[in-house]
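Below is one structure; the comments refer to it alone.
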Amino acid sequence: MVPIRGKISGVKETSSAISQIPSLLRQAAMGAMTESLELVSTTLRTEFLEGPYPTEIQSRSGSFRATFRRGQPKNIFRVAAEGSKITGTYGSEDIRGRILNDGGVIRPKSSKFLAVRTEFTKTPGGVVRPKYRGPLRGIPNTFVRMGSPRGGRQGRGTVFEKIGKRIIPIAWLVLYVVIKGRHFMEKTVTRASPQFGPIFQKRFDQIVTRMNDTLSRLRG
C-alpha cells in the first residue's frame, strides 16, 4: 500500500476573503446611501429651491436654501447602519422648512396681528431691507391706520411711514397668513429616486468584481 498525502492550499486565505463579504457589502451600502443623499441635496437645491415663483420656492437671500447643503449647521445628513439595515436621513432644521413644504397657516404668537412687509421695504430681489426687519414701532415717523382694504378677511390695518412729504405703507396688519405648500421634498425624492438603484448596483458590482479577482488569484 502506498500512502498518498496531499495538502489543500489557499483554504485559510479563501476563508478570510469570504468572511470579509458582509463587511464589504455594508461599506458599499453606506457609500451608496451617502451618494444617494448627496444626489437628493443637489437635486433639491438646484431644481426646487430656485423658483420659479409661485409654483416653487423662489430664492431670495439664499439662507433657507443653504440649510440643505451638507455641512451647514442646520443641515440634516446622516447615514447609519444597524445590522444589515442602512438608513439615510436628509433635511433641514430650519423652522421655515415644514411650513414651506407642507403649507399651513401662520398666526401671531405674542401680538394681535402679523405685520407683512410691503414691497417698498424689500430689495429688488425680494429681501426685506435691514431697516424694516425689526419691530416697526422702533422706526421713527410711523403710524397705524386700521381698516386696511388689503389682505381680504384677515386684513385689519396698515403701518405707514412718513418720509419727507410722502406717506408710504410699509406693512399690512393681518390676523394670519396662509402659506401654500410647495412639497419640494416629495418632488425631489420623485425626481432623484430612479437613480438610487443604479447607484447601489454599481457599488455592489464593485464588491463582486473585487471578490472574484481575489478568488482567482488564490486559485492561481
Side-chain angles (χ1 to χ4, degrees), residues 40-41 43-77 89-191:
V40 168
S41 175
T43 302
L44 172 62
R45 289 181 289 107
T46 59
E47 298 188 32
F48 297 108
L49 295 182
E50 285 289 0
Y53 181 85
T55 55
E56 306 296 345
I57 297 297
Q58 182 70 53
S59 175
R60 292 182 177 178
S61 66
S63 63
F64 178 64
R65 185 180 70 250
T67 66
F68 289 93
R69 183 184 298 278
R70 185 180 184 185
Q72 207 271 353
K74 291 186 178 180
N75 182 240
I76 301 171
F77 194 111
T89 306
Y90 173 81
S92 169
E93 294 179 345
D94 193 293
I95 59 175
R96 296 169 288 182
R98 185 197 62 78
I99 192 72
L100 291 176
N101 185 75
D102 301 342
V105 178
I106 299 177
R107 300 181 185 277
K109 292 183 178 180
S110 58
S111 62
K112 189 174 181 180
F113 303 110
L114 292 173
V116 180
R117 272 52 171 180
T118 65
E119 292 303 311
F120 174 79
T121 67
K122 302 175 183 178
T123 68
V127 180
V128 176
R129 286 179 278 148
K131 175 182 177 180
Y132 300 101
R133 291 177 189 171
L136 298 180
R137 64 174 62 91
I139 301 175
N141 302 316
T142 59
F143 62 93
V144 176
R145 186 166 293 170
M146 302 308 292
S148 169
R150 291 291 186 126
R153 292 183 179 179
Q154 68 267 36
R156 290 295 183 271
T158 306
V159 180
F160 292 93
E161 180 182 9
K162 185 177 180 181
I163 303 177
K165 294 183 178 181
R166 296 186 301 163
I167 295 178
I168 300 170
I170 60 174
W172 314 119
L173 298 180
V174 299
L175 295 174
Y176 59 88
V177 173
V178 178
I179 302 297
K180 177 184 176 182
R182 301 313 198 282
H183 305 289
F184 47 82
M185 295 301 293
E186 294 85 345
K187 293 176 183 177
T188 297
V189 172
T190 299
R191 180 69 58 84

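Since the structure is predicted, the reported quantities are computational estimates derived from the model, not experimental observations.
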I want to check something: taking the side chain as every heavy atom from C-beta on, are [X] and [Y] in contact at a cut-off of under 4.5 Å?
| X | Y | result |
| --- | --- | --- |
| Thr67 | Glu93 | no |
| Leu49 | Leu44 | yes |
| Lys187 | Glu56 | yes |
| Val144 | Val159 | yes |

Quick check: are there more than 12 heavy atoms from other residues, nucleotides or ligands sitting under 6.0 Å from NZ of Lys122?
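More than 12 heavy atoms, drawn from other residues, nucleotides or ligands, come within 6.0 Å of this atom.
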
[atom1]-[atom2] distance between [X] and [Y], expressed to the nearest 0.5 angstrom:
| X | Y | atom1 | atom2 | value |
| --- | --- | --- | --- | --- |
| Leu100 | Ile95 | CG | CD1 | 10.0 Å |
| Phe68 | Phe48 | CZ | CZ | 13.0 Å |
| Tyr132 | Thr142 | OH | OG1 | 9.5 Å |
| Thr188 | Glu47 | OG1 | CD | 7.5 Å |
| Asp102 | Arg182 | CG | CZ | 12.5 Å |

Do Arg70 and Phe77 meet the cation-pi criteria used here (NZ or CZ under 6.0 Å from the six-membered ring centre, within 45° of the axis)?
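The answer is yes; both the distance and angle limits are met.
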
Nearest heavy-atom neighbours spanning Arg166 and Ile168:
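Reported closest heavy-atom pair: CZ-CD1, 3.6 Å.
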
Sort and list the pairs that fulfil salt bridge (charged side-chain N to carboxylate O under 4.0 Å, His left out) and have at least one residue in residues 129-141, not counting sequence neighbours.
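Sorted result for residues 129-141: Lys131-Glu161.
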
Looking at Arg65 and Glu50, is there a salt bridge between them, counting it only when a charged N and a carboxylate O are closer than 4.0 Å?
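Salt bridge between Glu50 and Arg65, a charged N being under 4.0 Å from a carboxylate O: yes.
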
Could you check whether the rings of Phe160 and Phe143 sit parallel, tilted or perpendicular, using 30° and 60° as the cut-offs?
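Correct class here is parallel.
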
May I ask you to decide if Pro169's main-chain N or O and Thr118's side chain share a donor-acceptor pair within less than 3.5 Å?
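Checked: pair present.
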
